[in-house]
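Notes follow the structure.
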Amino acid sequence: MDLTARPPAENTMSHFNDELSAELQRLADDALRRELRRIDSPQATRIEVGGRALLNFSSNDYLGLANHPAVKEAAIDAIARFGGGSGASRLISGSLAPHHQLEERLAVFKGTEAALSFSSGYAAALGTIPALVGKPDVVVIDKLMHASIVDAVRLSGARLRVFAHNDLTALEDILKWADRTPGATAQTPGRRPRILIITESVFSMDGDLAPLRDIVELKDRHGAWLMVDEAHATGLFGSHRRGVAEAFAISDRVEIQMGTLGKAVGAAGGYICGSRPLIDLLVNKARSFIFSTAPVPAQSAAARAGIEIIQSAEGHERCGRVWLLVDRLKNGLIALGRPAPLVQSAIVPLIIGAEQETLRAAACLRENDIFVPAVRFPTVARGQARLRITMTAAHTEADVGQIMAALEFLRSDSR
Ligand SMILES: *Cc1c(COP(=O)(O)O)cnc(C)c1O
């Protein structure tokens, strides 16, 4: 190859940057450009942004555990005993005791035979789905499914079918179609084509629940498998706070229970809970698990401490506070003339619609020292932009009063 024929390096670089800058400009023109905001304080109800203290309604730290003394202590202790890094992937020499202790604790907490932790919920999805399904199989997901699941299904090569949000008739139609459609069995000698249904239990941007009981009935009738992503439900639903599957008493009928350790648990990481064969298969086939350095010991230790708090009387009490405050907020919104939010979770979306208007609403709240994110495409559909308010156990009733006062501009009879 004649290297001298290439354009000089500086020209390539400038072309590269021009092209990317143009793309960024198009995002900005559509009010879709995003930027990082530096926070100079721990994750708490008051966060320091640009030298100002803002009342934070954006965190998924639902139980207020991210900055809990016991969670911090566990992380510090793990660093003292196991160091800063894990050194290798889990299957090489990185399978340190804190990771095993976390997984034992997770299985007890969720009431499953076994559990496996991943460096993030995203990695859990990306490793698990392609380990279970491939080309001849069908994966059926809810329209509002999180990006991690969509990406994982694409990576698996399975046929993807999407049903309208929480629409059981649409789901059943797809299952009937899959029953009639033989998979390319030749590609997987020795097994039938698989059908995998995946849903969230609490939807991350709408805060509503999936009709899990009906979905379980449907999947049994059609011989499909079910994976439930409890990212926004772990720690908050059910008498042991295991999630919505527990609250609906269907845990033992869900093949694959997924969640994250970075939301209510207060640390970071993802998990899969289920049967021993499921976990053993993932150890052998989940590529995001196999080909990635194990999380730092502090991460697993912090997650274990978070789960222990969730299981304790303190966890029960913190969970009760979240529901009390969510009720206060919902009643406040109804008093403002907003339609009664359907949500039964710690996520209360205020759908504004237009991207630009939503950005203005978020800026208006920030002027009142309140931080609520403007959630836009591609996190939600275009024209469905919203303020996403999240309530945590660390908030107070006075905090709810403060955001309600700042939301007065939304009062429907004032315009
Ligand atoms: C946050 C989230 C994930 C990803 O979990 P991380 O631990 O943040 O990577 C997966 N699914 C849903 C529904 C989520 O909200």
Side-chain angles (χ1 to χ4, degrees), residues 36 43 58-63 65-66 71 99 102-103 106 110 115-130 139 141-156 162 165-166 196-210 212 215 226-237 243-245 254 256-273 286-289 292-296 298-300 302-304 306-307 310 343-349 373 375 378-381 386 388-392:
L36 292 173
Q43 195 59 232
S58 70
S59 176
N60 299 321
D61 178 26
Y62 299 120
L63 294 174
L65 298 185
V71 174
H99 308 316
L102 167 62
E103 286 158 358
L106 266 168
K110 296 285 284 185
L116 192 66
S117 62
F118 290 76
S119 18
S120 69
Y122 191 98
L126 225 62
T128 300
I129 295 169
V139 181
I141 68 171
D142 188 284
K143 175 97 171 91
L144 296 188
M145 228 33 237
H146 191 260
S148 60
I149 303 288
V150 177
D151 294 356
V153 178
R154 290 204 179 118
L155 184 65
S156 78
V162 178
H165 179 51
N166 280 346
L196 174 63
I197 303 168
I198 313 178
T199 186
E200 281 170 48
S201 59
V202 170
F203 283 87
S204 60
M205 295 299 140
D206 292 70
D208 56 345
L209 304 192
L212 283 186
I215 293 177
L226 178 61
M227 174 166 173
V228 176
D229 180 351
E230 298 252 36
H232 298 277
T234 310
L236 292 166
F237 290 82
V244 176
V254 179
I256 306 128
Q257 301 193 49
M258 169 185 160
T260 170
L261 303 165
K263 288 166 182 159
V265 176
Y271 70 78
I272 297 287
C273 285
R287 295 171 65 87
S288 65
F289 177 86
S292 187
T293 300
V296 296
Q299 173 175 327
S300 290
R304 180 168 69 119
I307 292 167
I310 289 172
V343 299
Q344 305 132 294
S345 71
I347 302 160
V348 182
V375 177
T379 309
V380 296
R386 65 200 61 189
R388 177 180 181 267
I389 304 173
T390 49
M391 196 58 75
T392 77

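Ligands are counted one by one from 1 in listed order, and the atoms in each one are counted from 1 as well.
Closest of all the heavy-atom pairs between S119 and Q299 is O-NE2, 3.1 Å.
A donor-acceptor pair under 3.5 Å is absent between the side-chain atoms of D206 and the main chain of P349, judged by distance alone. At distances below 3.5 Å, at least one donor-acceptor pair connects side-chain atoms of E230 with backbone N or O atoms of A245.
Counting atoms of ligand 1 from 1 in the listed order, those under 4.0 Å from a heavy atom of S148 are 10 (C), 11 (N). Close contacts between ligand 1 and K263 involve ligand atoms 1 (C), 2 (C), 3 (C), 14 (C), 15 (O) [criterion: under 4.0 Å to a heavy atom]. Each of the atoms 14 (C), 15 (O) of ligand 1 lies under 4.0 Å from some heavy atom of H232. Those atoms of ligand 1 that come under 4.0 Å of a heavy atom in T260, given as number and element, are 5 (O), 6 (P), 7 (O). Per-residue contacts place Y122 under 4.0 angstrom from the following atoms of ligand 1 (heavy atoms of the residue considered): 4 (C), 5 (O), 6 (P), 9 (O). Close contacts between ligand 1 and E200 involve ligand atoms 13 (C) [criterion: under 4.0 Å to a heavy atom]. Atoms of ligand 1 found under 4.0 Å from any heavy atom of G121, numbered from 1 in the order shown, are 4 (C), 5 (O), 6 (P), 7 (O), 9 (O). In summary, the atoms of ligand 1 found under 4.0 Å from a heavy atom of S204, numbered by their order in the structure, are 15 (O).
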Just do the side chain to side chain contact (heavy atoms under 4.5 Å, CB included) check on M227 and I129 with the steps written out, would you? CA-CA 9 Å; M227 174 166 173; I129 295 169; 3.8 Å; yes

Applying side chain to side chain contact (heavy atoms under 4.5 Å, CB included) to I347 and Y62, what does each step give before you reach the verdict? CA-CA 9 Å; I347 302 160; Y62 299 120; 3.5 Å; yes

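For atom 3 (C) of ligand 1, the closest heavy atom belonging to the protein is H146 CE1, 3.4 Å. Protein heavy atom closest to atom 11 (N) of ligand 1, with residue, atom name and distance, is D229 OD2, 2.6 Å.
At a threshold of 4.5 Å between non-hydrogen side-chain atoms, the residues I307 and L261 count as touching. A heavy-atom distance below 4.5 Å is found between the side chains of V380 and R386.
Between the side chains of H146 and Y122, no donor N or O sits under 3.5 Å from an acceptor N or O.
For the pair A125 and ligand 1, no heavy-atom separation below 4.0 Å is found.
Contacts between S120 and ligand 1 below 4.0 angstrom, taking non-hydrogen atoms only, involve backbone and side chain alike.
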